[in-house]
Structure formats: C-alpha cells, structure tokens
Amino acid sequence: MLAALEGETDEVAVQATLACLLWETLPQVNWCGFYRRIGERLLVVGPYQGGMGCLRIPFERGVCGACARTETTQLVPDVQAFPGHIACDDATRSELVIPITVGGRLRAVLDLDSPHPGGFSTAEARILEALVARAFSGEVHPSPGIG
C-alpha cells in the first residue's frame, strides 16, 4: 500500500488513495474514509468510499469526535453501546477510528465502519495505526487550495 504513495506529498491525495486501497482490501467495511480537522473542535468529511457520510462532526459527538478529542484510536465493537454515537448509516454496527497527526497536531481521523458487530480486531487496529503513521510521516502537506 505504501508503494502507491511513494513521493506523494499532498495530504488529500494520500487520503484519497488510502481510502480507495483500504476499501478494496478490507471486506468487512461499509464506509472507509477520512474526516479532516478544519477548526479547533470540528471535523469535515474528506476523501472516502461508501455511502453518504456525515458532513461535519464536532469533537464532542460520536466515535470520530472522541478520537479527535482524545487523539487515541477508538475501537468500538458495538456502536449502539457507544454514548453519543452518530448514526450516519443505520447499517453500521462497529467502528474503528484512528487519529492522523502530522508534526504533533491532529490533522484528520481515519474512519472505518462495518455492518458486523465486532467488525475490527485489536490486531487490525495496530496494523492500521502503523500504516497511517508511515503514510503521513514524510513530507505530507495540506492541499494549498485555489485562490
């Protein structure tokens, strides 16, 4: 997977490529993508694969918000038991959310949803943590935008 990203420095290009590759690799997912930090306590949907995602998520809500707020991986085997869970897709039963930090600052979260209870293991979480750490460890910069 990392070979596909070799030399890429644009953050959105890295996110889009990872979302696509993880979508094709992880058969248990029904949503795979990134929520980008756009404010002190706000995430907005970024590159993803799957059905319609939530557009904005405050740090105070849901599994993605908990991940952003604490900057720790959230492995949730049953989202219905998670206080404040946001049901962007009623089919989702479990979730894995991993913080993306660049230069010591939270930039995004990787959000993986599954329609299966317990859809993700601790071993998968560790592997994906290492993957995103390596993918965002180099000279990855925010997209400059236009204007």
Side-chain angles (χ1 to χ4, degrees), residues 1-51 53-79 81-86 88-89 92-145:
M1 237 178 252
L2 292 172
L5 299 172
E6 190 171 329
E8 183 54 61
T9 60
D10 182 84
E11 190 170 48
V12 172
V14 172
Q15 291 173 357
T17 302
L18 281 176
C20 177
L21 293 172
L22 290 171
W23 176 259
E24 292 177 357
T25 303
L26 300 170
Q28 76 270 38
V29 301
N30 64 333
W31 201 92
C32 173
F34 292 85
Y35 281 95
R36 302 174 297 111
R37 182 180 193 167
I38 62 162
E40 274 308 305
R41 302 192 61 79
L42 185 63
L43 301 169
V44 68
V45 71
Y48 72 92
Q49 301 281 318
C54 295
L55 297 180
R56 293 174 182 261
I57 299 176
F59 280 26
E60 294 74 30
R61 296 201 54 221
V63 181
C64 289
C67 178
R69 188 173 59 251
T70 64
E71 295 186 23
T72 60
T73 295
Q74 303 292 307
L75 178 58
V76 181
D78 178 4
V79 294
F82 189 89
H85 174 255
I86 302 169
C88 297
D89 180 350
T92 296
R93 293 292 172 256
S94 60
E95 198 164 350
L96 172 60
V97 185
I98 299 170
I100 309 295
T101 57
V102 177
R105 179 158 166 80
L106 180 79
R107 294 281 273 278
V109 300
L110 169 61
D111 182 21
L112 301 164
D113 295 358
S114 175
H116 311 290
F120 305 100
S121 70
T122 302
E124 285 172 315
R126 299 291 97 68
I127 290 167
L128 291 168
E129 285 170 337
L131 174 69
V132 298
R134 292 214 29 224
F136 292 94
S137 68
E139 288 292 317
V140 176
H141 306 287
S143 296

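What you see is a predicted model, and the numbers here were worked out from it, not measured in a lab. Numbers for residues simply follow the sequence, beginning at 1. Just the heavy atoms: all of them, side chains too, but no hydrogens, waters or symmetry mates, feed the values below.
Classified by interplanar angle (parallel below 30°, tilted 30° to 60°, perpendicular above 60°), the ring pair Tyr48/Trp31 is parallel.
Taking CZ of Arg56 as the reference point, atom CZ of Arg61 lies at 14.0 Å (rounded to 0.5 Å). One finds the CZ atom of Arg36 at 7.0 Å from the CD atom of Gln15 (value rounded to the nearest 0.5 Å). In this structure, Cys64 SG and Ile57 CD1 are separated by 4.5 Å, a value rounded to the nearest 0.5 Å. One distance of note links CG of Leu75 with CD of Glu124; it measures 9.0 Å at 0.5 Å rounding. Residue Glu129 holds its CD atom at 10.5 Å from CG of Leu110, rounded to the nearest 0.5 Å. The CG atom of Asp78 lies 11.5 Å from the CD atom of Glu95; values are rounded to the nearest 0.5 Å.
One side chain, Thr72 or Gln74, offers a donor N or O that lies under 3.5 Å from an acceptor on the other.
Within the 4.5 Å cutoff, side-chain heavy atoms of Trp23 are placed close to those of Val29. Counting heavy atoms from C-beta outward, Val45 and Cys54 have side chains that stay 4.5 Å or more apart. Contact annotation: the side chain of Leu18 approaches that of Phe136 to within less than 4.5 Å [non-hydrogen atoms, C-beta and beyond]. Between Val79 and Asp113, every side-chain heavy-atom pair lies at or beyond the 4.5 Å cut-off.
Look at Glu11 and Arg37 and you find no salt bridge, because none of the NZ, NE, NH1 or NH2 atoms lies under 4.0 Å from a carboxylate O. With respect to Arg69 and Glu60, no salt bridge is recorded, no charged nitrogen being found less than 4.0 Å from a carboxylate O.
Closest heavy-atom contact between Ala19 and Phe34: N-CE1, 4.1 Å. Across every non-hydrogen atom of Ala13 and Asp10, the tightest pair is N-OD2, 2.9 Å. Residue Phe120 comes nearest to Leu112 through the heavy atom pair CE1-O, 3.5 Å, listed as atom of the first residue, atom of the second, then distance. The two atoms that bring Ser94 and Pro77 nearest to each other are CB-O, 3.4 Å, heavy atoms only. The two residues Gly119 and Ser114 have their closest heavy-atom pair at CA-OG, 3.9 Å. The two residues Leu43 and Val109 come nearest to each other via the heavy atoms CD1-CG2, 4.1 Å.
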Task: Steps toward salt bridge (Lys or Arg N to Asp or Glu O under 4.0 Å) verdict (Arg107, Glu71) - done: CA-CA 10 Å; Arg107 294 281 273 278; Glu71 295 186 23; over 6 Å; no
- [ ] Show the numbers, then the answer: is there a side-chain contact (heavy atoms from CB on, under 4.5 Å) between Leu131 and Ile98?
- [x] CA-CA 11 Å; Leu131 174 69; Ile98 299 170; over 6 Å; no
TODO: Give the C-alpha distance, both sets of side-chain angles, the deciding distance and a yes or no for side-chain contact (heavy atoms from CB on, under 4.5 Å) between Arg93 and His116.
DONE: CA-CA 5 Å; Arg93 293 292 172 256; His116 311 290; 5.8 Å; no
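In summary, of the residues considered (Thr122, Thr73, Asp111, Leu26), a side-chain contact (heavy atoms from CB on, under 4.5 Å) with Leu96 occurs for Thr73 alone.
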